[in-house]
Amino acid sequence: MLAALRALLPPDVAIAGFDVHAQLPPLKPAEIDFVAHAVEKRQREFHAGRAAARQAMAALGYPDHAVPIGPNRAPHWPEGVTGSITHSSGFALAAVAPSSACRALGIDLEDDAPLPPEMLRLVMTSRERAAAAGSADLGALGKRSFVAKECAYKAQFPLTADVFSFNALELAFDGACFVATRVDGAWADLPLVGRDDAVAGLRVAAMVVP
């Protein structure tokens with residue numbers, strides 16, 4: 001998964017990952033309270049994600065900072081750093097870059113199982129569903145769309161603080177690349193261009209806002 005993510009991002013972005021069941025370095029005091037009462041699965045995912053984030057920051061030469069949850073539930077990065085964390089299927093990944101290198105990052109990791117039919121309307125716009133109508137791989141396209149839109153949502157949020165449902169975003173795929181735009185035309189000047197890949201039963205997507 002690290003190799004797949006590395007291939008999707010520019011070299012000035014540091015990445016790291018952990019198995020959520022691995023022996024992990026302890027959480028920082030500023031992080032512990034956020035998952036103190038969570039179920040064990042959530043605690044392990046959070047713990048592995050923060051360990052990955054600090055390892056990625058260390059690769060860029062940053063001190064061993066905590067990455068607590070901000071008021072908006074997103075990771076609160078140290079000054080001068082931007083990044084993104086994701087976890088699924090027992091893995092946690094983090095991507096981190098200096099704020100001087102990019103404005104924001106988004107990454108997402110999910111299992112590559114087809115999206116259930118009842119979820120398609122929540123994830124895909126009516127135009128996207130119409131374009132894919134009759135496709136034998138509609139569920140697979142739905143999951144690909146879900147991962148790409150989650151990635152784009154994470155990338156835009158630090159810049160816009162905008163909260164919206166996934167069917168407010170529309171995707172254009174071109175091979176391994178995709179472009180996400182708001183259906184209502186909001187923040188049209190914000191370039192949301194990403195890449196994705198599927199490997200070992202998982203799908204990963206990454207986006208850098210230059």
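Residue numbers start at 1 and run along the sequence shown.
Between the His47 side chain and the Pro25 main chain, a donor and an acceptor come within less than 3.5 Å of each other. The main-chain N or O of Asp111 is found under 3.5 Å from a side-chain atom of Lys143 such that the two form a donor-acceptor pair. Asn167 places a side-chain N or O within 3.5 Å of a backbone atom of Arg121 that can act as its donor or acceptor partner. Looking at Lys154, its side chain does come within 3.5 Å of a backbone N or O of Ile85 through a donor-acceptor pair. Of the possible polar contacts, none joining the Glu110 side chain to the Arg203 backbone as a donor-acceptor pair under 3.5 Å is found. Remark: the backbone N or O of Thr125 is not paired with any side-chain donor or acceptor of Glu170 at under 3.5 angstrom. Side chain of Tyr62 to main chain of Gly80: a donor-acceptor pair is present (N/O by atom type, distance under 3.5 Å, no hydrogens or angles). For Arg103 (side chain) and Val209 (main-chain N/O), no donor-acceptor pair under 3.5 Å exists by modelled atom type. Of the possible donor and acceptor atoms, one in the side chain of Arg50 sits under 3.5 Å from a partner among the backbone N and O of Val67.
By the 6.0 Å contact criterion, NE2 on His65 is enclosed, its count of non-hydrogen atoms from other residues, nucleotides or ligands being greater than 12. Counting heavy-atom neighbours within 6.0 Å of Asp174 CG, excluding the residue itself, gives a total of 12 or less.
For the residue pair Ala140 and Pro114, the shortest heavy atom distance occurs at N-CB, 4.0 Å. Nearest heavy atoms, Cys177 versus Arg195: SG-CG, 4.0 Å. Gly17 and Leu93 make their closest contact through CA-CD2, 4.0 Å (heavy atoms, listed as atom of the first residue, atom of the second, distance). Closest heavy-atom contact between Ala56 and Ala94: CB-O, 4.5 Å. The minimum heavy-atom distance between Ala48 and Asp19, with the atom names listed, is CB-O, 4.5 Å.
Proximity of Val147 to Val204: side-chain heavy atoms (C-beta onward) are nowhere separated by under 4.5 Å.
Among Lys149, Arg144, Met207, the one residue that satisfies the side chain to side chain contact (heavy atoms under 4.5 Å, CB included) test with Phe178 is Met207.
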